[in-house]
Amino acid sequence: VHKDITDLKEKFDLIYSSNVLEHIKDDVKMLEKIKLKLKENGTLALYLPAFMVLFSDLDTTSGHYRRYEKKDLIEKLDKAGFLITNIFFADSIGFIASLAIRMLGWNTQTGIGSKRSIIFYDKIIFPISKILDLLGFKFIFGKNIFVTAKIDCNYK
């Protein structure tokens, strides 16, 4: 059952959203709605697709309005009344894989996007990507962006 967050009566200590905000046309308005559902010292955690340069047919097919640039995400969260507590990229090698999808296309039968390619990526490439992220690549680039934020008590 789909509910608008404003239909919920309670407030929460944590609201986590993974790969959702990019599907919402007015994402700043949604962030403002989410803020109203957080307790005073609550945390918002977002996991989102990063870098518009990676926007591909896969994004369009998935119903994405955008991928997020770090600067733009910071501005949107600020506009909605949040202070960022942590922000970094995830899946650094995924950036390169997503760039390949953008250039070569998404082919679920034989190419990038096939079951075989996804299994290979998950078993071999992604574990290497996690190590690179731990070594600091997550501060430079990645396929996704992760951010945590608190309500800005000085927000007007």
Side-chain angles (χ1 to χ4, degrees), residues 1-5 7-8 12-35 37-38 42-80 82 84-150:
V1 175
H2 175 268
K3 280 189 165 186
D4 187 305
I5 193 165
D7 293 337
L8 301 173
F12 303 92
D13 294 313
L14 170 69
I15 296 176
Y16 175 72
S17 173
S18 177
N19 292 305
V20 175
L21 201 59
E22 67 275 10
H23 294 272
I24 299 170
K25 192 169 191 170
D26 190 344
D27 53 352
V28 174
K29 185 174 182 177
M30 180 53 68
L31 289 168
E32 291 168 345
K33 286 181 176 185
I34 290 169
K35 184 178 73 175
K37 294 302 172 180
L38 279 171
T43 299
L44 171 64
L46 300 171
Y47 187 79
L48 304 161
F51 293 105
M52 277 303 291
V53 71
L54 301 178
F55 198 90
S56 68
D57 290 341
L58 178 59
D59 290 287
T60 303
T61 302
S62 300
H64 293 178
Y65 285 99
R66 72 199 70 76
R67 295 179 76 88
Y68 287 88
E69 300 293 338
K70 186 176 179 181
K71 180 182 176 226
D72 294 335
L73 181 56
I74 291 168
E75 288 174 2
K76 288 178 181 213
L77 285 162
D78 180 62
K79 186 175 181 179
F82 286 96
I84 291 175
T85 55
N86 201 359
I87 188 166
F88 56 86
F89 296 105
D91 193 4
S92 50
I93 296 178
F95 179 93
I96 297 162
S98 294
L99 199 54
I101 290 169
R102 180 165 162 55
M103 294 187 318
L104 302 173
W106 180 256
N107 181 334
T108 57
Q109 300 304 310
T110 59
I112 300 172
S114 67
K115 183 177 179 180
R116 190 169 157 202
S117 74
I118 292 170
I119 290 170
F120 175 77
Y121 188 87
D122 288 347
K123 285 187 175 182
I124 307 297
I125 304 300
F126 187 67
I128 296 168
S129 191
K130 286 175 32 177
I131 292 168
L132 292 176
D133 287 349
L134 288 171
L135 292 174
F137 281 72
K138 69 181 179 181
F139 299 111
I140 304 167
F141 63 93
K143 180 180 77 168
N144 298 297
I145 191 165
F146 181 79
V147 61
T148 57
K150 299 267 187 187

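Each residue takes its place number in the sequence, starting with 1.
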Would you list the atom pairs, donor with acceptor, under 3.5 Å between side chains in residues 124-139 and any protein atom, with sequence neighbours excluded?
from, atom 1, to, atom 2, distance (Å)
Ser129, OG, Asp91, OD1, 2.7
Ser129, OG, Ser92, N, 3.0
Ser129, OG, Ile93, N, 3.0
Asp133, OD1, Ser92, N, 3.1
Asp133, OD1, Ser92, OG, 3.0
Asp133, OD2, Asp91, N, 2.7

**Under-4.0 Å salt bridge between Glu75 and Lys71** = yes
**Item:** All salt bridge (Lys or Arg N to Asp or Glu O under 4.0 Å) counterparts of Arg67, not counting sequence neighbours
**Value:** Asp59
**Asked** Would a distance-only check, ignoring hydrogens and angles, find a side-chain to backbone donor-acceptor pair under 3.5 Å from Lys37 to Phe12?
**Response** no
**Asked** Just how far is it from atom CG of Asp78 to atom CD1 of Ile74, taken to the nearest 0.5 Å?
**Response** 9.5 Å
**Prompt:** side chain to side chain contact (heavy atoms under 4.5 Å, CB included) between Ile87 and Ile145: does it pass, once the steps are laid out?
**Reply:** CA-CA 7 Å; Ile87 188 166; Ile145 191 165; 3.8 Å; yes
**Item:** Intermediate values then yes/no, side chain to side chain contact (heavy atoms under 4.5 Å, CB included), Leu77 and Leu46
**Value:** CA-CA 11 Å; Leu77 285 162; Leu46 300 171; 4.2 Å; yes
**Request:** Please examine the side chains of Thr43 and Ile15, heavy atoms only from C-beta on, and report whether any two atoms are closer than 4.5 Å.
**Result:** no
**Request:** Return the minimal non-hydrogen interatomic distance between Phe82 and Leu44, and the atom names on each side.
**Result:** CZ-CD2, 3.7 Å
**Prompt:** Could you go step by step and tell me if Tyr65 and Leu21 meet the side chain to side chain contact (heavy atoms under 4.5 Å, CB included) rule?
**Reply:** CA-CA 9 Å; Tyr65 285 99; Leu21 201 59; over 6 Å; no
**Backbone N/O of Pro49 and side chain of Arg66: donor-acceptor pair under 3.5 Å** = no
**Message:** Donor-acceptor check, side chain of Ser98 to backbone of Leu54, threshold 3.5 angstrom: yes or no?
**Reply:** no
**Complete:** Heavy-atom closest pair (Leu58 atom, Ser62 atom, distance to 0.1 Å) is O-OG, 2.7 Å
**Fill in**
Here the pair of heavy atoms bringing Phe55 nearest to His64 is CZ-O, 3.6 Å
**Prompt:** Taking the six-membered ring for Trp, are the ring centroids of Phe89 and Phe141 within less than 6.0 Å of each other?
**Reply:** no
**Asked** Is a side-chain N or O of Glu22 found less than 3.5 angstrom from the main chain of Leu48, in a donor-acceptor match?
**Response** no
**Asked** Are Ile119 and Lys115 side-chain neighbours, meaning at least one heavy-atom pair lies under 4.5 Å?
**Response** yes
**side chain to side chain contact (heavy atoms under 4.5 Å, CB included) between Asn19 and Tyr47, worked out** = CA-CA 6 Å; Asn19 292 305; Tyr47 187 79; 3.6 Å; yes
**From Lys29 atom NZ to Lys79 atom NZ, the distance as rounded to the nearest 0.5 Å** = 12.5 Å
**Fill in**
Correct closest heavy-atom pair for Gly142 and Phe51 would be O-CD1, 3.4 Å
**Message:** Is the shortest side-chain heavy-atom distance between Asn86 and Phe88 below 4.5 Å?
**Reply:** yes
**Message:** So does Ala80 get a backbone contact from the side chain of Lys35, meaning a donor-acceptor N/O pair under 3.5 Å?
**Reply:** yes
